[in-house]
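Here the structure is laid out as C-alpha cells; the discussion comes afterwards.
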Amino acid sequence: MNFQIAVIPGDGIGPEIINEAIKVLETIGKKYHHHFHFQKLLAGGCAIDKVGTCLPDETLDLCKKSDSILLGAVGGPKWDTLPGEQRPEKALLRLRKELNLFANLRPALLFPQLKDACPLKKEIVGNGIDICVVRELTGGIYFGEKGRKSSDIMGEIAYDVESYSVSEIKRIAKIAFEIAGKRKKKVTSVDKANVLESSKLWRSVVEEIANDYPDITLHHMYIDNASMQLIRDPKQFDVIVTSNMFGDILSDEASIITGSIGMLPSASLGNSTLGMYEPIHGSAPDIAGKNKANPIATILSAAMMLRYSFNLNKEAQAIEDAVTKVLKQGYRTPDLIHTEMQLVSTKEMGEQIIKNI
Ligand code: NAD
Ligand code: IPM
Ligand code: MN
C-alpha cells in the first residue's frame, strides 16, 4: 500500500528524533511491502527563520492532503520573545484546530524493563503502570477568547477564557469510553467542578455519555487530587479523560512515571483517518544537537500512526516489540540511564530498534 506522510521535524531535538522515526518506518515499509512517501515540511521556529511565519500556507495545505502527519517538536528560547500569535507553538495549535484533531491519546505505559528508571517506589509500581490520557485538544482555555485590556483601577489585565460546549465534551467523552471498553473498563474524568462552571458542564455531560456505556465504571476526580493520586497510586487509573490544559499537565506528570518524558507518544485524531502523531515532549533546547535525545516517544508515535491512521496493526506491533527488545538488551539513552546499562546516542537507539524489526 502507498501512504503519503507529511513530516514536520520542527526545532531543537525535533529533526534528530524524526530522522530515527523515518528510518524505522522505512524498515517497516521494506519488511511489510508498503510505500511510505515522506514529505518534509516547514513549521515552527525554523519556518519563522526561513519564511517569516510559523505555519506557511503550503505546509498546512500539504498536511491536509496527506494521509497523516508526523511531527517532532516546535519552539525554543530563540523565539520566546515573539508575541503569542507569532510564536512557533502557534503552528501546532493551528494544525490541531484546522484539522479538527480534537482527541489526543497519550498512552503512559511503563515498560517492565524500565522499572528502575521510574522514580516511584517498587511497591507503588507493582506489576506495572498502563494509563491512557485522553486529552481534549481543540477547545478550552487554549482556544477561548484571549487578550489584554487596561482598567483605571487595576491597570493592565490579561485574560484567557476557558469554555466548553456540550458537543465538544460529548465527542471526547465518547472516545474515552470507547477506549476504556478495549482496556480495563474504567474512566476517570478529571475536572475542577468545585470551582469552574465549564467543569460543572463537563461533569454532567460525561455522566450523560456514561449511561450509554453501562459496563464502564466512571469516577470523577478534581485535578488537584488527580495530580497527587497519579504519584500516590498510579495503578488506580485506566483511562483519564480531561480538558486541554489539565491533559497537557497531567500527561507530562504521567510520563515521568514511565521513566522519561522521552518515552511518551501521542496520537491526535479527528473524524477522519488523517491524524497527527508526535511525542508529548518539546524541543528540549538543553540537549538539542547533541545526539542525546531519546527517540522512542517519536518512534512509538510512528507506531500509533500505523495503527490509527493506516490500520496496520501487525506493523505497529512490530515497532513496539522492537522497542521492548532493545530495552531488554539494556540499551538506554541518557534520560533513562542507570547502573549496568548500555549508554547509547539518539542514532544508536534508532539503529538498535531497526535491527530488532
Ligand atoms: P521539553 O519537553 O522540551 O523539555 C523538558 C525536559 O525534558 C528537558 O530537560 C529536556 O531535555 C527533557 N526532554 C524532553 N524530551 C526529551 C527526549 N526525547 N529525550 C531526553 N530528554 C528529553 O519542555 P520545555 O523545556 O518546557 O520546552 C521547550 C520548548 O519546547 C518550548 O519552546 C516549548 O514551548 C516547546 N514544546 C513543544 C512541544 C511540541 O512541539 N509538541 C511540546 C512541549 C513543549
Ligand atoms: C504539548 C505542548 C503544546 C501544548 C504546546 C507546545 C503548545 O506542550 O503538545 O503538550 O500545550 O499542547
Ligand atoms: Mn505539553
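Each ligand, and each atom within it, is numbered from 1 in the order the structure gives. We're numbering straight along the sequence, starting at 1. Values below: every heavy atom of this structure, side chains too, minus hydrogens, waters and symmetry copies.
- Using bins of under 30°, 30° to 60° and over 60° for the plane-to-plane angle, the ring pair His35/His37 lands in the parallel bin.
- Classification of the His34-Phe3 ring pair by plane angle, with boundaries at 30° and 60°, yields perpendicular.
- Here the protein contributes Asp248 OD1 as N, O or S atoms under 2.8 Å from the Mn ion (ligand 3).
- In this structure, atom 3 (O) of ligand 1 lies nearest to the protein heavy atom Ala284 N, 2.8 Å.
- Within the 4.0 Å heavy-atom cutoff, Ile280 counts among the residues contacting ligand 1.
- Remark: ligand 1 and Gly282 share an N or O pair separated by less than 3.5 Å (distance only, no angle test).
- Residues Ser301 and Leu71 have side chains not in contact (no heavy-atom distance under 4.5 Å, counting atoms from C-beta outward).
- With a 6.0 Å radius and a threshold of 12 heavy atoms from other residues, nucleotides or ligands, Lys185 has its NZ atom above the threshold.
- For Pro285, the closest heavy-atom approach to ligand 1 falls below 4.0 Å.
- Protein heavy atom at the shortest distance from atom 41 (N) of ligand 1 is Glu278 OE1, 3.0 Å.
- Of the protein's heavy atoms, Ile261 CG2, 4.2 Å lies nearest to atom 12 (C) of ligand 1.
- Taking only nitrogen or oxygen atoms, main chain and side chain alike, Glu278 does not reach within less than 3.5 Å of ligand 2.
- The N/O atoms of Asn294, backbone and side chain alike, include one that comes under 3.5 Å of an N/O atom in ligand 1.
- Crowding of Lys355 atom NZ: a count of heavy atoms from other residues, nucleotides or ligands under 6.0 Å not exceeding 12.
- When only non-hydrogen protein atoms are considered, atom 40 (O) of ligand 1 lies nearest to Val74 N, 2.8 Å.
- Around atom 34 (O) of ligand 1, the closest heavy atom drawn from Glu16, Arg87, Glu89 belongs to Glu89.
- The shortest N/O to N/O separation between Leu71 and ligand 1 does not fall below 3.5 Å.
- Distances shorter than 4.0 angstrom do not occur between any heavy atom of Ile17 and any atom of ligand 1.
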